[in-house]
Structure formats: C-alpha cells, structure tokens
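This report refers to the structure that appears directly beneath it.
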Amino acid sequence: MGNPEPAADGALLPHQKFDTVLTLDFGSQYTHLITRRLRELNVYSEMLPCTQKIAELDFKPKGIILSGGPHSVYDAGSPHVDPAIFDLGVPILGVCYGMQELAYRASPDNVIAGERREYGHSILTAKPVNGKVDKLFEGLEDSMRVWMSHGDKLVKLPEGFHTVATSENSEYAAITHGEKPIYGLQFHPEVTHTQHGTHLLKNFAVGICGCQQNWTMSAFLDQEITRIRTLVGDKGQVLGAVSGGVDSTVAAKLMKEAIGDRFWAVLVNNGVMRLNESEQVEKDLKEHLGIHLTVVDASKLFLSGLEGITDPEKKRKFIGGTFIDIFEQEAKKIEDAAAGSDLPGKIEFFLQGTLYPDVIESLSYKGPSATIKTHHNVGGLPERMSKGQGLKLIEPLRNLYKDEVRALGRELGIAEELVMRHPFPGPGIAVRILGEVTQERVNIARQADHIFISEIRKAGLYDKISQSYAAVDPSRAVGVMGDKRVYGYIIILRAVTTTDFMTAEAFEFPWAFLQKVMNRIVNEVDGVCRVTYDVTSKPPGTIELE
Ligand SMILES: Nc1ncnc2c1ncn2[C@@H]1O[C@H](COP(=O)(O)OP(=O)(O)OP(=O)(O)O)[C@@H](O)[C@H]1O
Ligand SMILES: O=c1[nH]c(=O)c2[nH+]cn([C@@H]3O[C@H](COP(=O)(O)O)[C@@H](O)[C@H]3O)c2[nH]1
Ligand SMILES: NC(=O)CC[C@H](N)C(=O)O
Ligand SMILES: [Mg+2]
C-alpha cells in the first residue's frame with residue numbers, strides 16, 4: 001500500500017479511523033481532484049492506482065470511485081479494475097473511463113469509439129424514474145452545466161442499468177443499476193467547470209455511501225497523536241530535520257505535542273537561506289514552539305563546495321548529498337548524547353514532512369515520465385539512515401494536502417505568520433542564482449529578496465501570493481546612476497499563484513508596486529542596476545529558476 005511506516009497494534013491510519021471513499025486512478029489528470037473535493041466536504045478520501053488488489057487493502061472503504069483516464073477500455077493492454085470491488089457490497093461510481101469500464105465489464109460491445117471527441121461544456125438534465133429523480137441527483141433537479149472530455153461512448157445501456165440523466169450529446173450521461181448502488185457518469189463532477197459537481201459527489205459519498213462528514217483537522221489531530229504515541233511507545237525517541245518551513249514546523253509541533261522532549265530537531269544552515277533566516281527559525285522554534293533544537297552552521301562547507309559549480313542539477317545534487325552527510329553526523333552526536341543522558345530510550349524514528357501530493361505522484365497510474373528536476377530530496381535521507389542507522393520512518397503529514405497542513409498548524413496553535421509562510425526550497429538561494437553561487441551573489445539575492453518580500457507584506461499582498469522571491473542573473477547589464485556608468489547584475493523578481501505548485505500563474509502586481517520595488521532594489525543593493533519581473537507561467541516555466 002506504499003506506506004513505509006511500521007505497523008503497530010492500535011496505531012490506526014486515517015482510512016482505518018474515518019469513513020473513507022477510495023478513488024481508483026486510471027490516469028486522468030483530474031483524479032486527485034476527486035479526493036480533494038470529498039475532503040472539502042469533510043469526507044475522507046484516498047487515491048490508489050487502478051491496479052490495486054482489493055484483498056491487499058488494510059481497510060474497508062465505504063464507497064469506491066473509478067476515475068477517468070486516457071485509455072480506451074476496449075484496447076488491448078488498457079487497465080481494468082480488480083473485479084473484487086463488486087464483492088465488497090459498497091457503492092461504486094465510475095467517472096468517464098470509470099463508467100466505460102463498468103459498461104465494458106458488463107459486455108465489451110457496450111463501448112465504442114465515438115465519431116468525434118466531446119470536449120467542453122454540455123447541459124445535463126436529471127431524468128426522473130417513476131416520477132422521482134435518482135438519489136445521486138437529489139437537489140439537482142434543474143438543468144446544470146457539466147464538463148465532458150471523452151472520445152469513447154456507451155452505445156447501449158449495460159444490462160440491469162437505466163439512465164438517470166441525459167445531456168445534449170450523451171443519451172447515457174448518467175446511469176445507475178436497478179438493484180445495486182452502481183453508478184456511472186460520462187462527465188467529470190470533480191472539475192470546477194461542472195456546476196454543482198461537489199453537490200453530486202456529496203450525494204454519492206454522504207447520501208449513497210453513508211459516510212460521516214467528520215474529517216476535520218481537529219479530529220485528525222487527536223487520531224494522529226494517539227497513533228504516534230502508540231507507534232513510538234512511551235520510551236522511543238524521534239529525530240527530525242526542520243527548516244522553518246510550514247511542513248516541518250507543523251510536523252515538529254505535532255511530534256512535540258505527542259511525545260514532548262523525546263523529539264529532537266536539527267536545522268542545517270546551508271549558507272543559502274534567506275536574510276537572517278537561520279536565527280529567526282531558531283528563535284521561532286525554540287521560543288514559540290518549545291522544540292528541542294540543534295542548529296548546525298555548515299554555511300562555509302556548502303559555499304566552498306558550491307564554488308565553480310554552474311550546472312543546476314550538479315548544484316542540487318551537491319546540496320542534497322552534503323545535507324545528508326551533515327545530518328548523519330548530527331544524528332550520531334544526538335544519539336550518543338541521548339544514550340548518555342537519563343532519557344529513557346534510544347532514537348528509533350526519523351520524522352519526515354512528506355505531503356500527500358508527493359504520495360499521489362508516486363501512486364498515480366501512468367507510464368514512465370521524465371524527471372524535470374531533482375528536488376534536493378531529503379527523500380534520499382531516510383533510506384541511508386534507515387539502513388545505516390536503523391531508523392524507522394515516521395510521516396504524520398503523508399495523507400494531507402498543503403492547505404490541510406496549514407489548518408492542522410492552526411489547530412496546533414502555531415502563529416498565523418508561520419502557518420502562512422510561502423514555501424522555501426531546501427537548496428534555497430542556490431537555485432535562485434543562475435550559474436555559479438558566490439558569497440557576493442548570495443548577499444545580493446538576500447537583500448533584494450528581503451526588500452521584495454517586505455514590500456509585498458506592506459502592500460497586504462503576501463497571502464494572495466503562493467510563492468515569491470528575488471533571484472540574481474549574474475550576466476551583467478549597463479546602467480547609468482548618478483551620471484556614472486554602472487555595470488551590474490540583473491535581479492529577476494518572481495511571484496506566482498497556484499493551488500498545488502504543479503501549475504502556476506505569474507501574479508499581477510500593480511505597476512506602481514513593481515516600480516517601487518525596482519527603485520528600492522537599485523538604490524539599496526550594491527552591484528545591481530536592473531530589475532525585471534518574470535511573467536512566465538508554469539508550464540512552460542517552473543517556479544524556481546533552476
Ligand atoms: N535547512 C534545513 N535544515 C534542516 N532540514 C531541512 C532544511 N531544509 C529543508 N529541510 C528538510 O527538508 C524537508 C523538505 O523541505 P520543504 O521545503 O519541502 O518543506 P518545508 O521547508 O518543511 O516546508 P515549505 O514547503 O513550507 O518550505 C523539510 O521538511 C525539512 O525536513
Ligand atoms: O524542498 C524543496 N527542495 C527542492 O529541491 C525544491 N525544488 C523546488 N522546490 C519547490 O517546489 C515547488 C515547485 O517548484 P518548481 O516549479 O521549480 O519545480 C516550489 O514551491 C519550489 O520552491 C523544492 N522544494
Ligand atoms: N476522460 C476520460 O476518462 C476519457 C475516457 C476515454 N479515454 C475516452 O476518450 O472516452
Ligand atoms: Mg522549505
């Protein structure tokens with residue numbers, strides 16, 4: 001099931017504690033939106049690949065949703081669901097490919113390639129049966145705009161099914177079985193382009209599956225604290241890397257709440273953090289959160305090692321590797337110190353702030369996809385540490401989306417300012433300096449970044465932007481300042497809005513704001529004579545420059 005954490009009796013995972021709708025992924029780009037929409041309704045949902053064997057589940061879902069997907073059910077090699085889903089006796093909803101899969105299973109000649117693709121809006125009307133609209137469409141009696149994206153279609157109703165909604169182009173826009181709670185939709189209720197899509201998913205999850213709407217961060221917090229205590233026992237100790245970022249701060253606070261002083265945090269100052277960041281984080285974590293923290297100043301080691309490296313991937317790999325070396329040394333020191341203290345047990349666990357999108361990424365049903373960039377990857381850390389030092393992994397956030405992590409942070413009483421911080425990558429400013437990283441360039445990037453972020457805060461824009469920073473382009477440009485010719489670096493400002501950091505749009509600043517920031521940077525940061533604003537969306541750009 002992909003959960004690397006050790007099992008312990010009584011340490012219940014969310015899908016064992018909360019009513020869960022299981023979404024099986026056939027590779028649609030929208031699958032994860034199904035789980036998102038359900039969680040927004042306070043119904044817990046998890047996604048697994050369509051190849052999941054039902055016998056291997058360690059929980060019983062209250063309902064199953066089969067997602068859309070790029071394949072055609074009738075093609076050789078197309079994915080098919082484990083037929084055991086039908087033996088669970090729980091409601092099933094097929095969306096697009098998922099519906100075609102249901103029809104195809106009933107009889108392969110139910111599904112054919114349509115004459116043309118249907119992509120975009122369509123008007124859907126619920127069709128009453130015996131004068132009554134189906135449970136799936138309760139409260140949705142009026143026509144609604146839905147979003148379609150398919151080329152294949154049902155040519156006839158599978159045996160035992162009837163139509164519960166039609167659209168302009170699809171006679172079988174929504175179908176249900178006469179006796180069993182099995183449903184199919186040709187359109188996508190999970191996308192925001194579908195009107196009342198969330199209402200429809202609620203009708204399925206709550207009305208039909210009978211799920212309780214009790215997935216709240218306060219309930220999760222209680223469950224997770226119990227789970228961590230059971231897992232770690234009353235003697236075990238936990239070690240964790242913290243950056244001051246949202247994820248590691250929330251994970252650390254949660255750990256502190258669960259096991260108190262048996263949690264040990266390490267912050268590595270890699271020399272490419274923001275202005276005063278290391279000091280600020282130390283203060284925040286120690287004072288506000290009361291966390292037991294070791295700060296390792298390795299800035300010289302990182303900066304000297306980065307000398308002469310211009311290739312982005314090489315920079316990332318160097319930083320990732322050095323980070324692990326330092327962390328291992330510190331872990332050893334802490335362990336040795338803990339062994340000599342009167343603290344009860346040995347350090348057995350390693351805390352990691354993995355989030356659900358990372359998990360989804362690894363569970364999605366897809367062919368091999370190209371690596372865009374190597375994230376500095378503390379993901380490499382536990383493997384070496386678990387083998388080398390026998391540490392077991394603990395990942396309390398692995399089922400949460402970023403906004404859920406923020407809500408959990410608030411639940412834990414973490415200050416709003418920490419909870420709402422923009423993400424900051426592990427390799428830090430090093431991937432925001434194009435080409436070689438030098439102390440001079442780091443200083444310039446820090447100062448420019450500090451001005452940009454302070455102005456964003458002053459203008460009340462910080463929470464409207466998902467991530468922002470200033471980068472340095474060390475190819476220089478000519479300028480004139482105080483009647484003198486100057487030849488200086490170019491600053492690139494970047495600010496984006498995004499929900500999942502997979503795609504992003506450049507933030508639209510008022511012109512006067514950009515001019516003000518430009519003015520301050522050229523006047524206050526030595527060595528800079530030009531400021532540009534990067535308007536590239538993702539794709540084709542990425543959020544970081546390297
Ligand atoms: N300077 C650092 N010192 C110690 N650990 C770090 C450092 N930078 C990153 N990490 C570790 O790497 C993990 C991944 O970094 P990432 O930036 O994705 O998360 P974050 O910093 O906790 O939160 P955010 O996404 O808000 O920045 C962190 O959770 C932390 O465990
Ligand atoms: O901890 C991290 N280590 C990394 O190596 C790393 N690279 C990118 N990022 C962050 O990921 C998000 C997407 O960034 P990209 O569009 O540049 O891939 C953005 O939020 C980036 O800041 C990283 N975070
Ligand atoms: N969005 C989908 O699930 C598409 C299903 C199938 N590939 C079709 O074209 O009809
Ligand atoms: Mg970070």
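The basis for the numbers below is simple: all heavy atoms, side chains too, and nothing from hydrogens, waters or symmetry mates. Positions are given from 1 along the sequence. Counting starts at 1 for both ligands and their atoms, in listed order.
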Modelled atom types, side-chain donor and acceptor of [X] and [Y], under 3.5 Å:
X: Gln467; Y: Glu544; result: yes
X: His32; Y: Asp25; result: no
X: Ser468; Y: His422; result: yes
X: Ser248; Y: Ser243; result: yes

With [atom] as the reference point, say which of [options] has the nearest heavy atom.
atom: atom 19 (C) of ligand 2; options: Arg316, Gln467, His422; result: Gln467
atom: atom 23 (O) of ligand 1; options: Ile319, Val266, Asp247; result: Asp247
atom: atom 27 (O) of ligand 1; options: Phe424, Phe323, Phe350; result: Phe424

Looking at Arg36 and Glu40, is any side-chain nitrogen of the basic one under 4.0 Å from a carboxylate oxygen of the acidic one? yes
Cationic N near anionic O, under 4.0 Å, Asp234 to Arg262 | no
For Tyr365 together with Phe26, are the ring centres under 6.0 Å from each other? no
- Query: Hey, do the aromatic rings of Phe327 and Phe350 have their centres closer than 6.0 Å?
  - Reply: yes
Next on the checklist: When you measure from the heavy atoms of Gly353 to every atom of ligand 1, does any distance fall below 4.0 Å?
Outcome noted: no
For [X] and ligand 1, does the shortest N/O to N/O distance drop below 3.5 Å?
X: Pro423; answer: no
X: Ser248; answer: yes
X: Leu267; answer: no
X: Asn270; answer: no

For [Y], is there any backbone N or O sitting under 3.5 Å from a side-chain donor or acceptor partner on [X]?
X: Arg274; Y: His450; value: no
X: Asp449; Y: Ala445; value: no
X: Thr20; Y: Phe18; value: yes

Logged contact type for Lys402 with ligand 1, heavy-atom cut-off 4.0 Å, is side chain
Counting heavy atoms under 4.0 Å, the part of Asn269 that contacts ligand 1 is neither
Quick look: Pro427 vs ligand 2, heavy-atom contacts under 4.0 Å, and the answer is side chain
Taking 4.0 angstrom as the limit and counting only heavy atoms of [X], give me the atoms of ligand 2 inside it, by number and element.
X: Lys538; answer: 13 (C), 15 (P), 16 (O), 18 (O)
X: Gly426; answer: 1 (O), 2 (C), 3 (N)
X: Thr542; answer: 15 (P), 16 (O), 17 (O)

Taking only non-hydrogen atoms of Val246 and a 4.0 Å limit, the atoms of ligand 1 in range are 23 (O), 24 (P), 26 (O)
Under 4.0 Å from one or more heavy atoms of Val268, ligand 1 contributes atoms 1 (N), 2 (C), 3 (N), 4 (C)
Item checked: the Mg ion (ligand 4) contact by Gly426, N, O or S atom under 2.8 Å -> no
- Got an N/O contact under 3.5 Å between Ile543 and ligand 2? yes
